[in-house]
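See below for the structure under consideration.
For clarity, every value in this text was computed on a predicted model and none was experimentally measured.
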Amino acid sequence: MAPLPRSIGAVVVVLAAAVACGTTTSAPSGPLRCEGVEVLAVGSDYSSSVVCGAPPCVLGPSTTGADLGDDPQLTASNGRVFYLSRTLDYVFEVDAKCGTPKGRFDVKSVAKDASFAGAANPHDAAAAPDGSVWVALYNVPRIAIVKDARVVETIDLSAFDADQNPQAESIRIVAVGGVPKAFVALERLDDRDLLRSKQPSFMLRIDVATRQVEATIPLEGRNPFNPMKEEGGALFLAEPGNFDVADEPLAGIERFDTTTSTTRLLVPEKVLGGSVAEVAVTDGCGAAIVAGPERDVNPTSLVTFDPTTGAVLSKTPLLGPTPGYDLQGLAWRGSTLYVGDRRAGGSGYPVHVFERAGTCELADTKRALAVPLPPVALRAPVSP
């Protein structure tokens, strides 16, 4: 159960000139704006969306369009960055340095082949060494494998939940002993009860070459939410369980070791006092957005933690609590942490900038980048 919509109506307001939706490879066009870009950002008011590099991050033909949809995500994998238009079943590859869309494919055929009437709802994407892109689908129990802008293969996940849809939330492709493996986090929510978390969530390990599921590992926490973050041979998962509870024993921040396929609940939810919505991890320092349990409010705060021991390092929140579910988007770039804030500021919606000192001490620079729509996701740009 989440405090924001997983899949909402497909009515889209076009804010600027946009490409037509009639082809599968077109993308918003325009000059790249890379000068001074600090972070890649996605913003959405859940009727329109923008993807861009901030600063300058402005609405325009190269950043905004009907194809971008109303329920977006931004993810990075093996040097490539992808924007997911979840309600429209489009996946854009965006320039990893500038944030400008440069190519597009769709996963609509997967929903049709599975006799599903709605959107396939792509939630995450990962790049494989052979150039293919593996897309985790949320509404349809499939992994879609895309090559040359078309779905060439799917992996059926229906056996991993009794209701035949285990809600694949996140996917990462990691080399284990030099061999690429896909790790897929399955929420396994109750489709008959408002998508509440009532049973163990799973991590699948899939061999990329053979497309075979090699292992199914129960996670210690439940409801892995938002893309996993990879750091130092581990995957870090935000696991809120149910957002209207703040002390569930099977929720918090989980650390999954990709070498051994073992896992542990690193930071319990009850220590944090809220449900973890997102994590970002760099060497020796983790940051998390934590949401309070007030139903339909879910005030958010920013905290830090030790990614090895699980110790919570911030005695009080570094930002927040906010009046509602306002903090969204979290990204490290070197020693700088960027935090999105959906509360309007003077020139748009702020992305707060924190600087790291010492092991994991964060100082608010009192500087903010502006995004023209409320932030949803942030990623560090990738240098060529």
Side-chain angles (χ1 to χ4, degrees), residues 1-8 42-46 71-74 123-124 138 167 169-170 185 187 189 193-198 201 219-229 236-254 265-281 286-305 310 312-331 337-344 349-352 354 362 374-378:
M1 182 178 179
L4 70 165
R6 286 289 193 181
S7 180
I8 54 182
V42 162
S44 180
D45 57 7
Y46 300 123
D71 187 15
Q73 182 57 272
L74 187 69
H123 264 223
D124 199 8
Y138 194 81
Q167 286 94 20
E169 172 69 2
S170 185
E187 290 181 347
L189 306 181
D193 187 10
L194 299 174
L195 294 179
R196 292 187 67 82
S197 178
K198 296 180 177 180
S201 299
L219 295 170
E220 291 194 1
R222 294 185 178 180
N223 192 14
F225 191 74
N226 276 319
M228 298 177 278
K229 300 300 171 63
F236 292 85
L237 298 88
E239 295 173 332
N242 297 295
F243 273 90
D244 56 356
V245 183
D247 59 354
E248 293 174 285
L250 304 177
I253 301 170
E254 187 148 350
L265 193 62
L266 182 69
V267 189
E269 178 177 277
K270 61 183 179 181
V271 175
L272 296 163
S275 298
V276 184
E278 188 172 354
V279 296
V281 182
I289 293 174
V290 177
E294 293 83 352
R295 186 185 292 272
D296 299 326
V297 178
N298 300 110
T300 49
S301 301
L302 174 69
V303 301
T304 54
F305 65 94
V312 176
L313 301 176
S314 46
K315 304 302 181 184
T316 59
L318 299 169
L319 186 61
T322 62
Y325 195 82
D326 299 309
L327 300 183
Q328 286 191 48
L330 202 57
L337 180 71
Y338 297 89
V339 186
D341 191 334
R342 295 177 62 83
R343 296 172 294 177
Y349 296 86
V351 174
H352 303 284
F354 289 81
L362 293 185
V376 172
L378 306 173

So [Y] and [X], do their side chains get closer than 4.5 Å, heavy atoms only?
{"X": "Val245", "Y": "Pro293", "answer": "no"}
{"X": "Val276", "Y": "Pro240", "answer": "no"}
{"X": "Leu219", "Y": "Pro224", "answer": "yes"}

Discussion item. When you compare the side chains of Asn226 and Gln73, does any donor N or O come within less than 3.5 Å of an acceptor on the partner?
Written reply: yes
Any donor-acceptor pair under 3.5 Å from [X] side chain to [Y] backbone:
{"X": "Ser170", "Y": "Met228", "answer": "yes"}
{"X": "Arg222", "Y": "Leu189", "answer": "no"}
{"X": "Glu278", "Y": "Leu330", "answer": "yes"}
{"X": "Lys229", "Y": "Val281", "answer": "no"}
{"X": "Asp341", "Y": "Arg343", "answer": "yes"}

Fill in: Among Val279, Val303, Leu265, Val290, side-chain contact (heavy atoms from CB on, under 4.5 Å) partner for Ile253
Val279
Kindly give the heavy-atom pair with the smallest separation between [X] and [Y], and that separation in Å.
{"X": "Phe243", "Y": "Ser275", "result": "CA-OG, 3.7 Å"}
{"X": "Val267", "Y": "Phe305", "result": "CG2-CD1, 4.2 Å"}
{"X": "Pro321", "Y": "Ser301", "result": "CA-OG, 3.4 Å"}
{"X": "Asp247", "Y": "Glu269", "result": "N-OE2, 3.1 Å"}

Measure the [atom1]-[atom2] distance between [X] and [Y] for me, rounded to the nearest 0.5 Å.
{"X": "Gln328", "Y": "Arg342", "atom1": "CD", "atom2": "CZ", "result": "5.0 Å"}
{"X": "His123", "Y": "Asp71", "atom1": "NE2", "atom2": "CG", "result": "6.5 Å"}
{"X": "His352", "Y": "Leu318", "atom1": "NE2", "atom2": "CG", "result": "12.0 Å"}
{"X": "Glu239", "Y": "Ser197", "atom1": "CD", "atom2": "OG", "result": "9.0 Å"}
{"X": "Glu254", "Y": "Phe236", "atom1": "CD", "atom2": "CZ", "result": "11.0 Å"}
{"X": "Thr304", "Y": "Leu337", "atom1": "OG1", "atom2": "CG", "result": "9.5 Å"}

Worksheet item: Under the salt bridge (charged side-chain N to carboxylate O under 4.0 Å, His left out) test, which residues partner Lys270, sequence neighbours left out?
Response: none
Worksheet item: Under the side-chain contact (heavy atoms from CB on, under 4.5 Å) test, which residues partner Thr300, sequence neighbours left out?
Response: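 Expected list: Ile289, Ala291, Thr322, Tyr325, Asp326, Leu327.
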